[in-house]
Amino acid sequence: MTEASAAALVDWFRANCRELSMRTPHPRDPYPVLVSEVMAQQTQIDRVVPAFDRFMELFPDAGSLAAAPEDEVLQAWSGLGYYRRARLLHTAVRAVVAAGEWPRTRAELARLPGLGPYTSAAVAAFCFGGDDPPVDGNVERVTARVLGLDLSLASGPLRRAADAFARDLWRAHPGPEVFEAVMELGATVCTPSAPRCPECPLAPGCQALRRGTPGLFPRPRPQRATEDRRWVCLWLPRDDGRVLLRRVADGTLLAGLWLPPLADAGVARNEDAARRLAVEAGVAGPLVAAPPVRHSITHRRITVVPFVASTATPMAHERAANWSWEDPAAPAVATSSLLAKLRRACADVSTLPRP
DNA sequence: AACCCGGGGAC
DNA sequence: GTCCCAGGGTT
């Protein structure tokens, strides 16, 4: 990597970087940087921005986040996915507040829960002058293409090569700006498919472009087999429009979130599995199937079949801690985007015979 | 090193 | 339909 390349990259970045609400002058405040970097883990920036703005309004500083109960934090995270990130961020910020100061080096930051190699390097570089490069998927992809490395994303060799590549950039142009510039390049120009090479400041030295096949780098990862699952769910609306939600058990998908009673149907018939849920919820009477809902969680394709019931029967579990009546359009608890899908699917099944 | 976890946008 | 994303934790 020549100094000319680093200079061209930074010039391109200054002319083309997107206006993002978490981009503020250096040195930056570590709290919003940490929040946005954790949100950005495996999540595209365009989806992070609105969530970040909401989150910062609810929890404007480390003290307010540390003081908040976990369920409020998860509620603010609803729909973002990877909910463990929210719990770990909460724990990390509580540790910082308890310590009374922020760790300033990458190694110290990496001891906080939820901060791995990428996030610890990012906070150190953007807030405290660190020179260890934050290596994310963008940096790995740009590196694989510029150097023509036939390696898989997230593999050890490509991570090390990307780390060395970013260190060279930093040496040619010291400061955190080059790190942001590579990531922005990967996000907007050196994209996974259909890269816009004519716009790329690194095109003159790019090996993948020289070979005419930039899209073949990095090597595609072996795909995990997708697995189909069938769930049933009990949609139980009350007269005021609220529906019954249950806290999803730990150790399962969507653990800790609030959703209508759900069960994997396994080999059972949908109706039988739904009836079991109705018994658990303390309701009898007719169950009306609503249109199935598709929901994907990593390599699983889940078909959720909602069954709509009525609330005529007294609720045995009404006062239990794991049950709650919530407005499905604006739940006051942590939930998944699956709730919104179920609400739409069940909206048409509103006229139910009363037992 | 391999696998686990949400969700949606891009294609 | 497919892939992948400003990843980290666990095994």
Side-chain angles (χ1 to χ4, degrees), chain A residues 13 17-18 20 22-23 33-52 74 77-89 91-92 109-123 125-126 133-142 151-159 162 166 176 179-188 190-196 215-216 218-228 248 250-257 259 293-302 304 334-341:
Chain A
F13 176 67
C17 76
R18 296 169 291 182
L20 301 177
M22 47 272 204
R23 284 203 172 121
V33 169
L34 178 61
V35 171
S36 63
E37 292 297 348
V38 172
M39 281 188 176
Q41 291 168 5
Q42 293 298 117
T43 306
Q44 285 162 343
I45 289 300
D46 290 344
R47 291 189 43 233
V48 167
V49 171
F52 173 78
L74 283 171
W77 208 270
S78 291
L80 263 182
Y82 285 138
Y83 298 92
R84 187 174 52 176
R85 294 182 297 174
R87 296 191 182 95
L88 296 176
L89 170 66
T91 305
L109 285 160
R111 292 200 197 105
L112 294 171
L115 282 77
Y118 168 78
T119 308
S120 58
V123 175
F126 296 145
V135 174
D136 67 345
N138 289 311
V139 184
E140 291 187 22
R141 187 172 54 257
V142 171
L151 299 171
S152 296
L153 214 56
S155 67
L158 183 49
R159 280 194 177 146
F179 297 149
E180 242 185 317
V182 201
M183 290 191 274
E184 185 79 354
L185 187 74
T188 64
C190 195
T191 49
S193 61
R196 292 179 263 283
L216 294 185
R219 183 195 299 193
R221 256 193 291 190
Q223 60 189 52
R224 285 194 300 233
T226 62
E227 152 192 346
D228 289 304
V248 178
D250 292 336
T252 64
L253 295 172
L254 304 172
L257 303 185
L259 287 165
V293 162
R294 291 292 218 163
H295 194 69
S296 287
I297 298 178
T298 58
H299 62 288
R300 297 181 185 83
R301 279 192 312 251
I302 304 164
V304 188
T335 189
S336 151
S337 66
L338 175 57
L339 177 64
K341 295 183 189 176

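Every chain is numbered from 1, with letters handed out A, B, ... down the list of sequences.
- Under the 3.5 Å distance criterion, the side-chain polar atoms of A:Thr191 are left unmatched by any main-chain donor or acceptor of A:Ala187.
- Nucleotide C:dA6 holds its P atom 16 Å from the CE atom of A:Met39, rounded to whole Å.
- At whole-Å resolution of the value, CG in A:Asp136 and C1' in C:dG8 are 14 Å apart.
- A:Leu88 comes within 4.0 angstrom of sugar-phosphate atoms only, judged by non-hydrogen atoms across all strands, and of no base.
- Nucleotides C:dA6 and B:dC4 have their P atoms positioned 23 Å apart, rounded to a whole Å.
- Base engagement by A:Glu184 is indicated by at least one non-hydrogen atom pair under 4.0 Å involving a base atom.
- Residue A:Ser193 has its side chain nearest to B:dC11 when only B:dC11, C:dA6, C:dG7 are considered.
- Set against C:dA6, C:dC3, C:dT2, the side chain of A:Gln223 has C:dC3 as its closest nucleotide.
- Side-chain contact between A:Cys17 and A:Arg23: present, with at least one pair of heavy atoms (C-beta onward) separated by less than 4.5 Å.
- One can place CZ of A:Arg159 at 8 Å from C1' of C:dG7, the figure rounded to the nearest angstrom.
- Close to C:dG7, at under 4.0 Å from its OP1 or OP2, lies no side-chain N or O of A:Gln41.
- For the pair A:Arg85 CZ and C:dG7 P, the computed distance is 9 Å after rounding to whole Å.
- Residue A:Tyr83 has a polar side-chain atom (N or O) positioned under 4.0 Å from OP1 or OP2 of B:dG7.
- Judged by distance alone, with hydrogens and angles left aside, the side-chain atoms of A:Arg141 form a donor-acceptor pair with the main-chain N or O of A:Cys190 at under 3.5 Å.
- Between A:Ala194 and A:Leu80, the residue anchored closer to the 5' end of DNA chain B is A:Leu80, taking for each the nucleotide with the nearest heavy atom.
- A sub-4.0 Å separation between OP1 or OP2 of B:dA2 and a side-chain N or O of A:Arg221 is absent.
- As judged by a 4.0 angstrom heavy-atom cut-off over every strand, A:Thr191 is placed among residues making no nucleic acid contact.
- Comparing C:dA6, B:dG6, C:dC5 by their closest approach to the side chain of A:Leu253 singles out B:dG6.
- Remark: P of B:dG8 and NE2 of A:His295 are 7 Å apart, rounded to the nearest angstrom.
- Heavy atoms of A:Arg301 sit under 4.0 angstrom from primed sugar atoms or phosphate atoms, though from no base atom.
- Residue A:Leu254 places its side chain closer to B:dG7 than to any other of B:dG7, C:dT2, C:dA6.
- Both A:Gln44 and A:Pro157 lie near DNA chain B, and the one whose nearest nucleotide falls closer to the 5' end is A:Pro157.
- One distance of note links CZ of A:Phe179 with CG of A:Asn138; it measures 14.5 Å at 0.5 Å rounding.
- Two residues, A:Arg84 and A:Arg224, neighbour DNA chain C, and the one matched to the more 5' nucleotide by heavy-atom proximity is A:Arg224.
- Comparing the P positions of C:dG8 and B:dG8 gives a spacing of 22 Å, expressed to the nearest Å.
- A distance of 6.5 Å separates OG1 in A:Thr119 from CD in A:Glu37, rounded to the nearest 0.5 Å.
- With distances taken from any side-chain atom of A:Arg141 to the nucleotides C:dG7, C:dC5, B:dG7, the minimum falls on C:dC5.
- Residue A:Gly156 is classed as a sugar-phosphate contact, given heavy-atom separations below 4.0 Å to backbone atoms only.
- When rounded to the nearest whole Å, the span between CD1 of A:Ile302 and P of B:dG8 equals 13 Å.
- Checking A:Gly116 against A:Arg219, the closest nucleotide of DNA chain C that is more toward the 5' end is the one next to A:Arg219.
- A:Thr298 comes within 4.0 angstrom of a base, heavy atoms only.
- Of the candidates B:dC5, C:dC5, B:dG7, B:dC5 carries the atom nearest the A:His299 side chain, counting heavy atoms from C-beta on.
- Interatomic distance, A:Tyr82 OH to A:Gln41 CD, rounded to the nearest 0.5 Å: 10.0 Å.
- C:dC5 atom P lies 14 Å from atom CZ of A:Arg18, rounded to whole Å.
- The phosphate of B:dG7 has OP1 or OP2 within less than 4.0 Å of a side-chain N or O from A:Ser336.
- Scanning atom types as modelled, no donor and acceptor separated by under 3.5 angstrom connect the side chain of A:Thr43 and the base of C:dG7.
- If you check every strand for non-hydrogen atoms under 4.0 Å, A:Pro117 touches sugar and phosphate atoms only.
- Inspection of the A:Thr43 and A:Arg85 side chains reveals an N or O donor paired with an N or O acceptor under 3.5 Å.
- One C1' atom belongs to B:dC5, the other to C:dC5, and the distance between them is 14 Å to the nearest Å.
- Here B:dG8 presents its P atom at 10 Å from CG of A:Leu338, a figure rounded to the nearest Å.
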